[in-house]
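Labels below follow one simple rule: chain letters A, B, ... track the order of the sequence lines, proteins then strands, and each chain is numbered from 1.
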Amino acid sequence: MEWTTILTGAFLIQVLAASLHLATPLVLAALGEIFAERAGVLNLGIEGIMLLSGLSAFAIATNAQSVWLGILAGIATGALLGLFFAFMTVTRRADQIVTGLAFLILSSGAAIYFYRIIFGSRSLLPQIEPLSQLEIPLLKDIPILGPVLFNQTILTHLMLVLVVVCVLVLWRTPFGLRITAVGEYPAAADALGINVIAVRYACLVIGGALMGLAGAYFPLAELGFYSNSMIGGRGFIALALVVFGRWNPLLALAGGLIFGAADALQIRLQLIQSGIPSQLMIALPYILTVLVILVGRARQSPSALTIPYVRE
Amino acid sequence: MSGLAWLWPAKLRNTTSARDTLRSLLSLTGAVLAALLVGSILIALAGVSPLKAYEALIANSIGSRNGWGETLVKTVPLLLAGLGAAFAFRARIFNIGIEGQLYAGALGAAIVGLFLGQLPLWLGIPLMLLSGFVAGGLWAGIAGVLKVKFKANEIIVTLMLNYIAFELMSYLLNGPWRDPAGTEAYTAHFVDGTILPIILSGTRLHAGIIVALIATAVIWWVIRRTVLGYQVTVTGAGEEAARYGGVNIKRVLLTTLFISGGLAGLAGACEAAGLQHRVLLGISPNYGYTAIAVAMLGRQEPLGVAVAAVFFAALIVGVSGMQDFTGVPVSLVFIIEGLILIFIVGSQARRHKRVKAQKAVDVDQPPLSPAEEAQH
Amino acid sequence: MPPILELVHITKRFPGVVANNDISLELHPGEILALLGENGAGKTTLMNILYGLLRPDEGEIRIQGKVCKIESPNDSLRLGIGMVHQHFMLVPTLSVLENIVLGREPRRGPFLAGAAALEQIMRLADEFELPISPHDKVWQLSVGEQQRVEILKMVYRGAQILVLDEPTTSLTPQETNALFNILRAMTKRGHSVIFISHKLDEVRAISHRIAVLRQGRVAGTMLTAEAGEQELAYLMVGRDVVKRVYANTTIAPQSDASAQPLITVRNLSVLGRHGGKAIDGLNLQLAAGEIVGVAGVDGNGQTELVEALAGLRPTANGEIIIDGHHCDSQADPRRQMKLGVAYIPAERKTRGAIPDLTIAANAILKNHNDRPIAARGIMNQRRIREYTQQLVADYDVRCTSIQSPAGVLSGGNLQKLILAREVSAQPKLLIAEQPTRGLDIGAVEIVQQRIMQQRDRGTAVLYLSTDLDEILAISDRIIVLYRGKIVYECPNSQQVSRERIGLAMAGKAA
C-alpha cells in the first residue's frame, strides 16, 4: 500500500468501520467499570477479569462448537469474578487497589495454566470461526453509514444499545439514583434503608458481566483463537476511558471511538511503507491513554471511591 | 528491630510490638500456606500428585548447591525490584510500572556496556549500575511529573509505560542496537569491564546479589534514619497532614518515584550485566509484577522484602524444575503469587475492622467525674 | 394519652464503660422532649440504639405500647422514627428532590416518576411550612436549607417521631428560631420530637419536658416550665458552676486598638474549592495578645481564610503581612511556619495528626527537618524522644508510651498533643479552628486555658467556631464572616448584642 491510499474514501470508511469494531470491547469494559466506580468501588481487576472471561468463553465455544454459548460463558465468568471481587472488597473490605493487582497477577497465571490444562500443548492452535458480521440488507447499502454501522458483528450493536441502557439506568431509574448515593455518600444511603452492600455487590456483578462480555469479544468476535496477550492492557485503557469520560457512558463511548480510530489507523499504517517503526505504531494506543488521562479530572470521581463502607 | 523501628508502626495497634510482630508473621505465613494449599488443588487438576510436585519444587530450589545458586540468582532482580515497589508503596504511590523501569534500567546499562569502549572493572561496573539506576528512575519520573503536573493517576500511567517501554526496547533491539552477528532481537555482548563477576563457582550467582544486599541496607537506612524516609512515610500515611506539616509533597512524590524506578532499573542492569551479559527481549519474565507481591509480602519493610524475595525466587526456581519433572505449567507461580496477595489483603482487612470497633468505644467514653478530674 | 415511644431500662455496655445505664424514658404524642447532657453523657449511644446502629444489652423499646426490635436504620425508619443527624445525611451531588425521595422513589414502570414525586414533595413542603427549591443541588444550599430538606425527607417517609441531634450547632440565631417554629408546627400536627442538645437556653426555649443525662444515667426528668437553670446545670455536670468553661477568666487584654498590629491582612481574596472567590477583599488586623473570634455559619470562607493564613492555599489578591514580612501569593506552609504561624486544624485526624503513626512521629511533624531534630537530612533519634517526652509531660498528654499510635489517644489528649506541638515554636499567630469540637467538658476547659495562656504571652490568636456562645465566651474581639467578607466587627463586652451578631451571620446588615 502507499501513503496516497489513505486519502481515498474507501479507506476512510474502512477505518471508521474498524474503529467501531475495535472500540466495542473497550466501551463494554468501560461500561462495566462505570457501574463499579459509580457505586464507589475501583475495580482494578478489570484486565484480569477480561482475560479469564475470554479464556472461558473460548474454551466453551470450542467445546460446544457454539460462539453464543461461549459468549454466555464469558459473561457468566465475568459476573462470577465480579462477585469474588465484591466479596474481597465489600465484605472483607480489602484494599481495592491491592485486590485489583492480585487479580491481575492471579489471572495472568491462571489463564496460561488453565489453557494448558484444557487444550494441552498441541502444535496446532485451537481455532474457531469468529462471529460473522451481520450484514443488514438495505441498511448496509446506505452510503458511508451503511458499511460503518451496519456491517458489524451483532456485539457492536449490542454495545451501542447497552450504552443507551446504561444511561437510562443510571439517570432515570431508582436503582441509578441509589448507585449514585452509595458512591457519593454511603452513610446517607444507609440511613434511608438502602442496602449499601447489596448495591455495591449488584454493581460489581453487573460490571463484571460487562467486562466478561468484553473479554469474550477478543477470541470470539475478533481473533478466532485465544492468546494470552490478546487483552494487552485494554482493560486498563478502558479504566482510563472511564476517567476521561467522567463516569458517563456516552463520553466513554466517544473516548472509545477515538481509541478505536487510533488502533485502526495504526494497524493500517503498519501495512504501508510509512517508514514509521512498527513498535511506535503498536505503542500508540498506550501513549494515547497517557494523554487521555491528562484530560480526565480525577477530582470529579465519586466521593466514596476506594473507601470500604463501615457503619460507624 | 532496633533504632527508629518504633517510630513508625505500620498499623494502628494496641498490643505490645513483640506479640504484634509475631501475629503479623503468623498471618503472613498463613497466607503463604493457604496459597500453597490452593495451588496443590490446581496441581491435582493438572493430573499430578501435589505431594510429588512440591517435593520436586523443594528439591529443585533449595535442595542443592546449584538450586540455592539459582534461587539467589533470581533473588537479585526480585529483591531490587521489590525494594523499588515497596519504597513507592510506602508513600502510597502505586508504581505498577516496575516492569517497564526494569527494561529502562537494562537499556541504561547497555549504554555503558556497549558504547563507551573498554572500561576497567572499578569504573565500568559503578558506571553501568549508575546508568541503569538513572534510566529506571527517569522512566518512573515520567509518571511522577505527570502526577505532579496533571494529577494523572500513576497506576494507569505506569502501566501504560510498561507497554511503551517494551516497544521501545523492541525497537532498539530490532533496529539500531541489534547485534549484527545475532540471530534474534538482542544486543551485542557487554564489554568485559561492565560484567558483574560470578561469585559462587559452579553456579550462575553473580555479584548482583551484593548490589541487592547493599541496596537493602541503604533503603533501610533511608527509611529509618533520614528526613526523606520520614517524609515518605508521613506522605503515605496521611498526605494532608504531611502538607500541613510543611512537607513538599510534590518533591517527595518525584523523589520517591525516581528512587523506586531507580531500584527497578538496578534490577534490569544486574540482569543484563550479571546474567545475560546483553539485553534481550525476554530479560524479565514479569519480575516487575512479581515485585508487587514481594513488596506486599515483605510489608514494605526492606528486611521483609529481602525474605519475601528469596521466597519467591525459590518458588520460581522450584516450579520451573517442577515443570520439567511433572509437566505442571510454570505459570503456577503467578497463581500462587496472586493468591498470596489475596490472602494477605483479606486478612489485613479484618484487623482494620477490629481497630474500628475499639475506636467506637473510645468516643463514647464518659468524661471523668469531678472528683477524678480534680486529682489530675 | 399513652406514650408513643418508651425506653424501658436500657443498658448498653462497652468494654470498660457503661455508656447507657438503666435508662427509662417516655415520649408522648405532640411532645418535644429534650435530652440534655454533655459530650460523653451517653446521648450518642442512646440515639444510635434508637437508630438501629447499636443494640441494647438490656431493656426494651416500645412503640405505641408494642415491644420493638430495632436492628438497622431501616427498621428505625419503618417504625416511624426519623433521625436528623448533626452531620446531614444528604448526597451533595444530588438535587433536593432526589435526596428526599431516595430509597422510596415513586416509580412509573421501571423509571423514576419525576413529576409525581415533585408534586407530592411540594404538597408536603407547603403543609409543613418547609420552603425548599426542589431542583437545586444540595451542595448549593445553606445549612438551614439543608436541615429543612432533612426534616422534609423524614416527613416524606412518614416519621412520627423526629430525633434531632444538636440541630442548632451551625445555625444562626435567626435560623434557630425558624427551626423552632417548624418543630412547634410539627407537634401541632401530632408529631413528637426528641431534641438532643447540650445548650441549656435552647432546651429551655423549645422543649416541653427535659431529661438530663449524665455519665450514662438519667440524672433527672422534669417539665420545662418547672426547671430552673441552676438545677439543670447541676444535674448536667454534677457541680454548680456551669459557665466557668466558657468564661474568659484571665485578665483583660493587654493590647489596645492603637497598638501596632502584628498581623495585617489587606484586601485579601482567596479562591474556594469551586473556583469562585471564597474570601473577597477582606481586611483584618490582629494585635499581639488578643483573641479575635471569627463567628459565622460554616462555609462562608472560614476554611479559605485559615488556609491562606497557614500557607496551605494560594492567595488570589491582596496581602498578608506577618510582623512586617510580606508573604507572597503562593501556598507554602513551611514559609508561614518560619514566619511564626501555628495552626490547630479542625480536622484533627486527617490534617492535625496521622492516627497510624506514633505519638513521637506526630510530635515532630512541624520541625522534623529542623535542628536539633534533624541535621543534614539525618534524624536524631535521641532528640526526637526527648522532645516528644517534653511535650507530653508539659501538656499532660495521657498515653502509655510515646511509641503508641496517635490514633489510640482520646480526642482531648490528641488535641493537647497538637496544641503542644503548635505552641512549642512560640508562634506569633495561632490559628485555632474549632479547637474544642467534640471534646468533653474537661478537655474543653484545658484547651481554652492553654489558648488564653498563649494570648497572655503575646501571641495573636484567631479563634474560629461556628458556635456563637463559644466565640462570645473566649474572644477579646469578634468579627463576623459572611460570604468571604467581614460584615461586622466589635470588641467583646457585656454590651455585645447576640441578635446583632446573628443578623450579621445571616448576611443582614443593620
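- Of all the heavy atoms in A:Met88 and B:Ile342, the pair that sits closest is CE-O, 3.4 Å.
- Proximity to chain A involves both the backbone and the side chain of B:Leu332, based on heavy atoms less than 4.5 angstrom apart.
- Counting heavy-atom pairs closer than 4.5 Å to chain B, the top-ranked of the candidates A:Thr99, A:Ile287, A:Leu104 is A:Ile287.
- With chain B as the partner, the residue from A:Val290, A:Val98, A:Thr89 showing the most heavy-atom pairs under 4.5 Å is A:Val98.
- Residue B:Ile43 touches chain A through both its backbone and its side chain, counting heavy-atom pairs closer than 4.5 Å.
- The contact between B:Tyr171 and chain A is made by backbone and side chain atoms together, counting heavy-atom distances below 4.5 Å.
- Heavy atoms of A:Ile117 lying under 4.5 Å from chain B belong exclusively to its side chain.
- Contacts with chain B were tallied for A:Gly232, A:Ala240, A:Ser107, A:Pro308; A:Gly232 has the most, counting heavy-atom pairs under 4.5 Å.
- Remark: A:Phe236 CZ to B:Tyr163 OH distance equals 6.5 Å, nearest 0.5 Å.
- Judged by distance alone, the side chain of A:Tyr113 and the main-chain N or O of B:Ile335 form no donor-acceptor pair under 3.5 Å.
- The CD1 atom of A:Ile105 lies 5.0 Å from the CG atom of B:Leu341; values are rounded to the nearest 0.5 Å.
- Shown here for A:Ile293 and B:Ala152, the closest heavy-atom pair between the two residues is CG2-CB, 3.4 Å.
- In this structure, CG on A:Leu294 lies 5.5 Å from CG on B:Leu146, to the nearest 0.5 angstrom.
- With a 4.5 Å cut-off on side-chain heavy atoms, B:Val345 and A:Arg92 do not count as touching.
- Looking at heavy atoms from C-beta onward, B:Ile96 lies in side-chain contact with A:Leu101 at the 4.5 angstrom threshold.
- The two residues B:Ser331 and A:Gly109 make their nearest non-hydrogen contact at OG-O, 3.4 Å.
- Of the listed residues B:Ala143, B:Pro329, B:Ala293, B:Ala46, the one with more heavy-atom pairs under 4.5 angstrom with chain A than any other is B:Pro329.
- Contacts of A:Phe85 with chain B are absent, with no heavy-atom separation under 4.5 Å from either backbone or side chain.
- If you take CG on A:Asp95 and CZ on B:Phe94, they are separated by 5.0 Å, rounding to the nearest 0.5 Å.
- Going from atom CG of A:Leu284 over to atom CD of B:Glu167 covers 11.0 Å, rounded to the nearest 0.5 Å.
- Contacts between B:Asn286 and chain A at a heavy-atom distance below 4.5 Å are absent for every atom of the residue.
- Within the 4.5 angstrom heavy-atom criterion, atoms from both the backbone and the side chain of B:Leu339 approach chain A.
- Atoms CE and CG, on B:Met160 and A:Leu239 in that order, are 8.5 Å from each other to the nearest 0.5 Å.
- With a 4.5 Å cut-off on non-hydrogen atoms, B:Leu45 touches chain A through its backbone and its side chain both.
- With chain A as partner, the option from B:Val157, B:Asn153, B:Ile155 having the largest number of non-hydrogen pairs under 4.5 angstrom is B:Ile155.
- For the pair A:Phe114/B:Leu42, a side-chain contact is recorded, criterion being any heavy-atom separation below 4.5 Å from C-beta on.
- Proximity to chain B (any heavy atom under 4.5 Å) is shown, for A:Leu280, by neither the backbone nor the side chain.
- Looking at heavy atoms from C-beta onward, A:Glu47 lies out of side-chain contact with B:Leu159 at the 4.5 angstrom threshold.
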